[in-house]
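Notes to accompany the following structure.
In what follows, chains carry the letters A, B, and so on, assigned in the order in which the sequence lines appear, proteins first and then strands, with residues in each chain numbered from 1.
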Amino acid sequence: MKQTDTVKVDHARKARDFIADKERTDWHNGAITYLREKRDLGVGGVPEWEDLRNLASQIKTNVLGNLDDYLEEFEKNALANGVKVHWASDGDEHNRIVHDILKRYDTKMVVKSKSMLTEECHLNQYLESNNIEVVDTDLGERIIQMRHEGPSHIVAPAIHIRKEEVGQLFHEQLNTDEGAADPQYLTEAARQHLRQKFLEADVALTGVNFAIAETGGVVVCTNEGNADMGVHMVPCQIHSMGIEKIIPRAGDLGVFTRLLARSATGQPITIYTSHHQKPKPGGEMHIIIVDNGRSAHLGRDDFYTALKCIRCGACMNSCPVYRRSGGYSYGHTVPGPIGSILTPGFNLKKFKELPFASTLCGACSDVCPVKINIHEQLYKWRQVVGEKGELEKSKAMPLHWAGKILSSHKKYQIVGRLARKALRFLPGAITSNRFNPWSRQRELPKPPRQSFGEWYKQQNK
Amino acid sequence: MEVGLFIPCYIDQFYPHVGQDTLSLLEKMGCKVVYPEGQTCCGQPLANSGLEHEAKPIYSHLVDTFAGFAYHVKHHYDIVEQDSDVKSVRERMYDITAFLTDVLKVNQLEARFPHRVGIHQSCHGLRGLRMARSTELQVPPYSKWRQLLELVKDIQLVELDRPDECCGFGGTFSVGEEAVSVKMGQDRIADHKRNGAEFITSGDMSCLMHMEGLLRRKKDPVKVIHLVEILNG
Ligand code: SF4
């Protein structure tokens with residue numbers, strides 16, 4: 001991943017802008033909370049839930065510890081199935097591989113479904129700059145593509161857009177009735193529009209949820225079926241996957257399909273669980289295995305388990321910050337808690353604020369179906385930011401002095417007494433002004449005359 | 001039983017009555033309480049801001065004077081050398097709630113509190129120290145906070161729509177991410193009010209400090225009260 005872009009993602013500022021529209025923030029929070037509530041209902045029906053989480057975590061930890069072997073096994077079996085396997089070290093290489101395949105088909109269009117990885121690689125922009133049309137076929141992805149936006153959530157990429165806004169968008173671009181916002185009507189319009197694209201396409205691309213080392217096949221979990229529609233109607237299918245998508249055996253799959261859909265939306269299983277193992281007669285099947293910063297992450301002892309992630313989105317749905325700051329405040333394809341522990345590894349200067357965009361409440365770690373200790377990794381990334389001297393001066397300096405004061409009882413007592421005095425006697429205009437972020441919307445605590453320590457001493461004279 | 005009392009720095013400075021109630025409650029339970037002089041802070045404000053290393057002298061100072069702010073000391077004191085003092089402090093340190101339920105096994109109280117009270121399950125207590133079941137986990141429900149409050153006479157505990165949503169304090173998060181922090185706090189308070197709470201209680205005074213600040217700014221009649229203030233009657 002490119003390190004050249006070092007402009008810091010200012011999460012706090014973006015969050016403030018988002019929250020300025022209170023009504024919209026409440027709606028966004030509510031829409032995502034609804035997903036979490038459905039998850040709780042779905043999970044509630046599985047008494048062995050915690051055992052499943054343990055099992056999934058162990059399987060994935062084993063995979064990450066032996067990833068080179070599993071990848072080789074996977075490649076060997078895929079090749080034996082007649083699949084063409086490509087390796088891409090970064091997003092650019094991935095995009096060039098896709099482009100080369102498209103060139104051979106002499107096609108100016110590709111239909112695409114369910115791939116956060118291609119978002120991460122900026123495939124759409126790359127192909128469009130080469131005059132190739134990319135058609136995202138899942139409704140949510142199509143909507144954001146029509147708006148020229150990235151996803152704001154990894155499972156529900158258009159969750160930040162209201163149905164009325166979709167109605168307006170479709171009216172402008174697909175000629176639906178003005179003011180129409182009925183989801184069924186709009187979905188039907190999108191379906192008709194996409195059908196045409198499916199018929200025209202020669203190449204279809206999908207993401208991958210699981211790649212099974214033992215069989216060399218890939219598994220794609222979807223609700224709309226567009227990934228299958230695309231793949232079944234074209235001679236050439238491409239599946240792009242990150243190196244961490246491996247599971248060892250077909251027999252392990254059940255553990256993950258049970259966890260994935262329930263964690264994401266509360267469904268027992270996604271509507272479609274599609275297995276792609278070999279090319280159709282007379283057709284071609286390609287699998288592109290992408291690194292893009294993942295192997296470097298695998299080498300970080302404190303952080304590599306973030307690669308266990310199965311992209312269910314539950315940590316986002318459970319994050320009280322994400323729900324109120326919106327996906328775009330994280331400045332990356334994968335937002336929310338998991339994004340905040342992956343991105344600093346890709347580019348510390350750019351994403352150094354994200355580990356601080358959390359209260360460390362820990363809901364993400366408890367909800368994660370593969371038991372990634374997300375909030376502990378957030379804490380550890382903060383230490384990395386501190387050690388590398390990347391903390392903002394305005395933050396580090398006062399804390400540096402606090403450290404000096406708090407390790408000495410004498411200094412602490414004196415400063416405490418002075419601070420309480422100051423708060424008591426200075427006019428509110430000085431202590432509660434708008435330049436002090438605490439008191440812009442909050443009162444400071446009322447300072448008592450005596451500290452506990454002073455009181456205790458008096459009692460025990 | 002002899003107990004050393006650790007009073008976190010902000011309680012010492014801003015909420016001494018919570019310290020006094022804790023002391024008094026423990027004495028009522030028959031404990032001999034000492035408050036080792038010279039204590040300051042557990043180092044959490046620095047460490048949570050990414051300056052764990054600058055917090056080291058504070059950690060040592062605390063271990064020297066003895067115990068600490070339960071969650072932070074229990075979970076994050078790996079970076080100081082684990083000599084026998086450090087280990088013993090880490091092992092024998094309890095948050096007041098868990099000390100009452102697990103060590104003293106309190107099963108009756110004199111206290112009476114005839115009000116409608118909402119419990120704010122602080123995240124560090126909830127998921128860090130496992131004082132109660134978080135709504136994420138599929139394990140049988142329990143709550144040490146509720147267990148104690150249910151011993152108080154005439155108290156009415158209200159049910160919340162989101163029983164374990166974070167209040168948004170988060171230490172330096174409260175100023176670094178002021179907008180989100182405030183919104184989270186306001187939403188939390190709204191949940192308590194919607195369900196009829198007159199008081200919001202918690203085992204964590206820092207969450208309450210944040211919510212109190214928001215309530216007072218809005219001149220809202222809802223009050224915050226630390227758990228031990230209720231338990232001490
Ligand atoms: S980190 Fe865990 S909860 Fe978050 S998306 Fe990945 S698997 Fe789901």
Side chains of B:Ser174 and A:Arg442: is there a donor and an acceptor less than 3.5 Å apart? no

Using heavy-atom distances under 4.5 Å, tell me whether A:Ala357 contacts chain B through its side chain, its backbone, both, or neither. both

What part of A:Asn460 gets within 4.5 angstrom of chain B, counting heavy atoms only: side chain, backbone, both, or neither? neither

Side chains of A:Phe452 and B:Thr22, heavy atoms from C-beta outward: is any pair under 4.5 Å? no

Looking at CD of B:Glu177 and NE2 of A:His11, how far apart are the two atoms once the value is rounded to the nearest 0.5 Å? 5.0 Å

With only heavy atoms counted, which part of A:Arg16 is less than 4.5 Å from chain B, the side chain, the backbone, both or neither? both

Would the distance check show the side chain of B:Arg216 and the main-chain N or O of A:Leu444 forming a donor-acceptor pair, the cut-off being under 3.5 Å? yes

Keeping B:Gln138 on the side-chain end and A:Glu50 on the backbone end, is there a donor-acceptor pair under 3.5 Å? no

Side chain, backbone, both or neither of B:His17 within contact of chain A (heavy atoms, under 4.5 Å): neither

Check this for me: A:Lys388, atom NZ, are more than 12 non-hydrogen atoms of other residues, nucleotides or ligands nearer than 6.0 Å? no

Value rounded to 0.5 Å, distance of CZ in A:Arg39 from OG1 in B:Thr135: 8.0 Å

Test B:Asp187 against A:Arg324 for side-chain contact (heavy atoms from CB on, under 4.5 Å), laying out the working first. CA-CA 10 Å; B:Asp187 290 352; A:Arg324 290 172 180 82; 2.8 Å; yes

So how far is it from B:Ser181 OG to A:Gln441 CD, rounded to the nearest 0.5 Å? 9.0 Å

Proximity breakdown for A:Thr25 and chain B, heavy-atom pairs closer than 4.5 Å: side chain

To the nearest 0.5 Å, what is the distance between CD (B:Gln13) and CD (A:Glu454)? 7.0 Å

When the 4.5 angstrom heavy-atom criterion is applied to A:Lys457 and chain B, the contacting part is side chain

Less than 4.0 angstrom from a charged side-chain N to a carboxylate O is my criterion; do A:Arg323 and B:Glu165 meet it? yes

Reported CD-to-CG distance for the pair A:Glu37 and B:Asp161, which is rounded to 0.5 angstrom: 9.0 Å

When you check the gap from the basic side-chain N to the acidic O, do B:Glu136 and A:Arg36 get nearer than 4.0 Å? yes

Tell me which of these, B:Ser122, B:Cys167, B:Cys166, has more heavy-atom pairs under 4.5 Å with chain A than the rest. B:Cys166

Looking at A:Tyr34, I'd like to know if its OH atom is crowded, meaning that more than 12 non-hydrogen atoms belonging to other residues, nucleotides or ligands lie closer than 6.0 Å. no

For A:Asp26, is there an ion pair with B:Lys183 - N to carboxylate O distance below 4.0 angstrom? yes

For A:Trp438, which atoms come within 4.5 Å of any heavy atom of chain B: side chain, backbone, both, or neither? both

Side chain, backbone, both or neither: which part of A:Val367 has a non-hydrogen atom closer than 4.5 Å to chain B? both

Heavy-atom proximity to chain A below 4.5 Å, by part of B:Val224: neither

Evaluate whether atom NZ of B:Lys28 has more than 12 neighbouring non-hydrogen atoms of other residues, nucleotides or ligands under 6.0 angstrom away. yes

Partner chain B: residue of A:Val321, A:Leu378, A:Asp40, A:Val385 with the largest heavy-atom pair count (under 4.5 Å): A:Val321

If we only count heavy atoms from C-beta on, is the B:Met184 to A:Thr359 side-chain gap below 4.5 Å? yes

To the nearest 0.5 Å, what is the distance between CG on B:Leu126 and CG on A:Asp366? 7.5 Å

Hey, which of A:Cys368, A:Gly386, A:Pro320, A:Ser325 has the most heavy atom pairs under 4.5 Å with chain B? A:Pro320

Evaluate side-chain contact (heavy atoms from CB on, under 4.5 Å) for B:Leu23 paired with A:Tyr456, printing each intermediate quantity in order. CA-CA 10 Å; B:Leu23 179 72; A:Tyr456 187 83; 4.3 Å; yes

Given A:Ile19 and B:Glu178, is the side-chain contact (heavy atoms from CB on, under 4.5 Å) satisfied, shown in steps? CA-CA 11 Å; A:Ile19 287 175; B:Glu178 188 249 358; over 6 Å; no

